[in-house]
Amino acid sequence: MSKNIKQQPAAENPEELLDLKVTKPKTWAAGIPAVTVAMVDILQESGFVRGMEGLFKMNKKDGFDCSGCAWPDPDDDRSPVAEYCENGAKALAEEATTKKLTAKFFAENSVADLAKLNDYEIGKKGRIAQPVYLPKGATHYQPISWDDAFKKIGDKLNSLASPDEAAFYTSGRTSNEASFTYQLFIREFGTNNMPDCSNLCHESTSFGLAEAIGIGKGTVTLNDFYETDVIMIIGQNPGTNHPRMLTALEKAKQKGSKIIAVNPLHEAGLMGFKNPQTVKGVLGITTHLADLYLQVKINGDMALLKAIEKLLYKAEQENPGKVFDHEFIKNNTEGYVAFLDHLNQFELDHLADECGIPLSQIEQAADMLKDKSRIIICWAMGVTQHVNGVATVKEIVNLALLKGAIGKPGAGLCPVRGHSNVQGNRTMMIFDKPKPKQLDKLKEVFGFEPPRKHGYDVVESIQAMHEGKLKVFFGMGGNFLSATPDTTYTADGMRKLEMSIHVSTKLNRSHLVHGDEALILPTLSRSDKDMVLGEAQFVSCENSMGVVQMSKGMLEPISKDLMNENQIVCRMAKATLGDRSVIDWSKFEKSYDAVRDAIAKVIPGFEHYNQKVRIPGGFYLPNGPREGKFDSAEFGSRVGFNIAGLPKHEMRQDEYRMTTIRSHDQFNTTIYGLDDRYRGIHNERRVIFMNPNDVAKASFKDGELVDLYNNFGGRERVARLFVVVPYNIPQGNTATYYPEANVLIPIDSVAEKSNTPTSKLVFISIKKHQPAKF
Ligand SMILES: Nc1nc2c(c(=O)[nH]1)N[C@H]1C(S)=C(S)[C@@H](COP(=O)(O)OP(=O)(O)OC[C@H]3O[C@@H](n4cnc5c(=O)[nH]c(N)nc54)[C@H](O)[C@@H]3O)O[C@H]1N2
Ligand SMILES: Nc1nc2c(c(=O)[nH]1)N[C@H]1C(S)=C(S)[C@@H](COP(=O)(O)OP(=O)(O)OC[C@H]3O[C@@H](n4cnc5c(=O)[nH]c(N)nc54)[C@H](O)[C@@H]3O)O[C@H]1N2
Ligand code: SF4
Ligand SMILES: [Mo]
């Protein structure tokens, strides 16, 4: 395989190849290799004592919440040894690293030189150890004091013609406490420009569920997994992205549940599991997971769901009253008859064709569901990041309604969230479209008039940067440039800013493609000890199932010059608003308890927050639909069946569908390593998975170097230097890794209503690689 081929290193998108090795994809996940990989990572980054100290406290009820993902901890008694997974350990290794970036590092490395590194190399440099500033026209970041940094931010924000010229991004690791003060500051400053990573992630879920059932969250708890008959997992790869979900799936299987997986790829973690925390797993005995694997075409899910519903309807007609839950439908829903009429319009053969699954397999799925009502449907990005993401979420609700599979034990909707506190951010009102009721409450409690006009979401922020409407970008965590679509376009937008500011733990590409001036403010991570007024403090987070829990970091921070996110917000508020503010920022700066008392007054479900959060294991937030109480936009306490057609895929003859996925060795834009062990990919990320017949038809070879093109909206986007890997994926479908392929995702290809970029479906053409003409 070609070694180290370099194209042109553009700051936002370096194109270089490493040295790919391909092995056979795995049919099971976790097991001993997972444990060894986790240990190696921890030891390399943080050393034995620090690493073990961290692992011992992670996910324990008195420890810190794993920053890896939003999968919940078990409610029951925890083993005295902390529970974590390989990727949780990698997340910890990333934070606990002893390597640090000080003034010397920034003096020795120019921004342009750093941008030539790949994302893996950039991330491995270490934790940012002090605030740094890039003056206009400068080539290197230089040290700056916290006071001066806040003064620069305050002066800049106050110089704007309108508060709407600034946008404040949030990535999903920020605690409830810091999220609350952050949105409070932003709204007192005067804008709702609060793009967040949810906009790129589960927005279609939040939007679809809020409209349908009255709450933009899932309805199940972990215990439901142990009382269910069938679990459907659609467009989610838990073996990599929510590894401890496999423990829940294993337990569900032991209790007799069946699993149906819906995915264009045969993901190891959906097929089998060797639990490294059991004797069986250590001995290498695999628990088989999916009983039925439906290899759907990319975005064929809507057609599949309709086909299943149609088959269930047929079964219901043959056996009236035995398949659908008429009692539930009568008491809780609207539009049942119209929905059946709608289903009648579709031919089964056509639906099977559209989803690319043989009818016999869809019949098997319907058979598995037909006599059951304790059904859980899980989904993630394979569903949400499509033009019709909201409609597919609502189709999932339709299926649950027909079966009465919602609001009772062992049944319900389970969108599996990404970032460890992304759900909590939203609960804390990080939202560009706040509800008037929420704003009224802010006004009542704090006495200022919050802005009412909706703000920019992520895609709108990028467009506003281009149009010169945004002058300041503030990122609370995250890596906006690499996480967003249309990388070149977004980079151009970010370069038009007057000031870009990032609160970060690690260096990333968004620090290297910047506005006229730029600041990096280093902050504590989840595992760091958070000392305020001489005492170690805790924060709190909400997991995917609506449990709010405390998280207390315990590792010694790598530098004395880090500030927690809440303090950064309060100091920025004081520097910007000064005497204009009606809020006692100094009080919030010094005390999370004071912040929690304020949250208790504003956000429903947080009454007595300070007491409840101190209960080991935390507390559940109220969730009406979980108890069978709905509050839909259109029908009040009833849920409407949603009627939506099939997505249309208009593509040229030479085009393929392309989805973008995460490898096993990354957390979003943080690249832990260069392997994707379960899929058999080693030491390379610029690969394109193609069906072997497509490879032959295009006269490519295994390992061919190709360039990928997208022409949406008449603008050509190119991602050069990808290696063809023949793979088990439906014909006409391809997959690449995010963020390398984000250059190809058109900024204006977004999901209806949720405005989420369609990262799971882009039409591309593939040509043999040509060196670029620069
Ligand atoms: N280790 C690790 N953990 C993570 C993350 C990480 O990067 N690394 N990221 C976190 C975040 S923010 C999130 S949102 C979650 C993401 O978790 P996931 O949603 O599991 O992540 P993805 O890799 O984006 O893709 C999910 C799956 O969708 C499939 N898929 C692609 N297109 C389609 C389609 O059209 N239909 C169907 N049915 N399936 C499709 C892919 O093959 C893949 O298996 O994970 C969180 N946890
Ligand atoms: N093509 C494509 N694009 C996608 C996706 C996809 O599936 N395909 N998925 C989308 C999804 S689901 C998401 S959620 C977004 C993710 O988008 P983001 O949330 O913007 O990206 P991350 O890579 O999670 O952010 C990593 C950075 O966060 C900082 N960081 C880490 N921990 C902390 C902390 O505790 N505090 C602070 N202040 N900073 C911290 C570090 O500096 C690190 O470099 O990407 C989206 N983009
Ligand atoms: S499943 Fe997610 S939250 Fe749990 S240990 Fe693994 S990465 Fe951390
Ligand atoms: Mo996400």
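All figures in this text were calculated on a predicted structure; none of them were measured in a lab. Read the numbers this way: they start at 1 and go in the same order the structure lists the ligands and their atoms. Residue numbers run from 1 in the order of the sequence given.
Regarding atom 14 (S) of ligand 1, its nearest protein heavy-atom neighbour is C201 SG, 3.1 Å. Atom 28 (O) of ligand 2 has G478 N, 3.0 Å as its closest protein atom, hydrogens excluded (heavy atom only). In terms of protein heavy atoms, atom 40 (C) of ligand 1 is closest to P264 CD, 3.3 Å. Protein heavy atom nearest atom 20 (O) of ligand 2, with residue, atom name and distance: Y169 OH, 2.6 Å. R173 NH1, 3.1 Å is the protein heavy atom nearest to atom 32 (N) of ligand 2. Ranking protein heavy atoms by distance to atom 8 (N) of ligand 2, first place goes to T660 OG1, 2.9 Å. Of the protein's heavy atoms, A483 CB, 3.1 Å lies nearest to atom 17 (O) of ligand 2.
At least one heavy atom of R662 sits closer than 4.0 Å to an atom of ligand 2. Distances from ligand 1 to the non-hydrogen atoms of H386 include at least one value under 4.0 Å. The shell of residues lying under 4.0 angstrom from ligand 3, judged by heavy atoms, includes P243.
Checked against a 3.5 angstrom limit, the closest N/O atoms of K760 and ligand 2 fall inside it. On a distance-only criterion, N508 and ligand 2 share at least one N/O pair closer than 3.5 Å.
For F763 and Y656, the ring centers are positioned 6.0 Å apart or more.
Heavy atoms from both the backbone and the side chain of T669 come within less than 4.0 Å of ligand 2. Here E565 has side-chain heavy atoms under 4.0 Å from ligand 2, and that is the only part of it that gets that close.
If you check the side chains of T392 and W379, you find no donor sitting under 3.5 Å from an acceptor.
Which parts of ligand 1 touch T240 is read off a 4.0 Å heavy-atom cut-off, strictly below it: atoms 1 (N), 2 (C), 3 (N).
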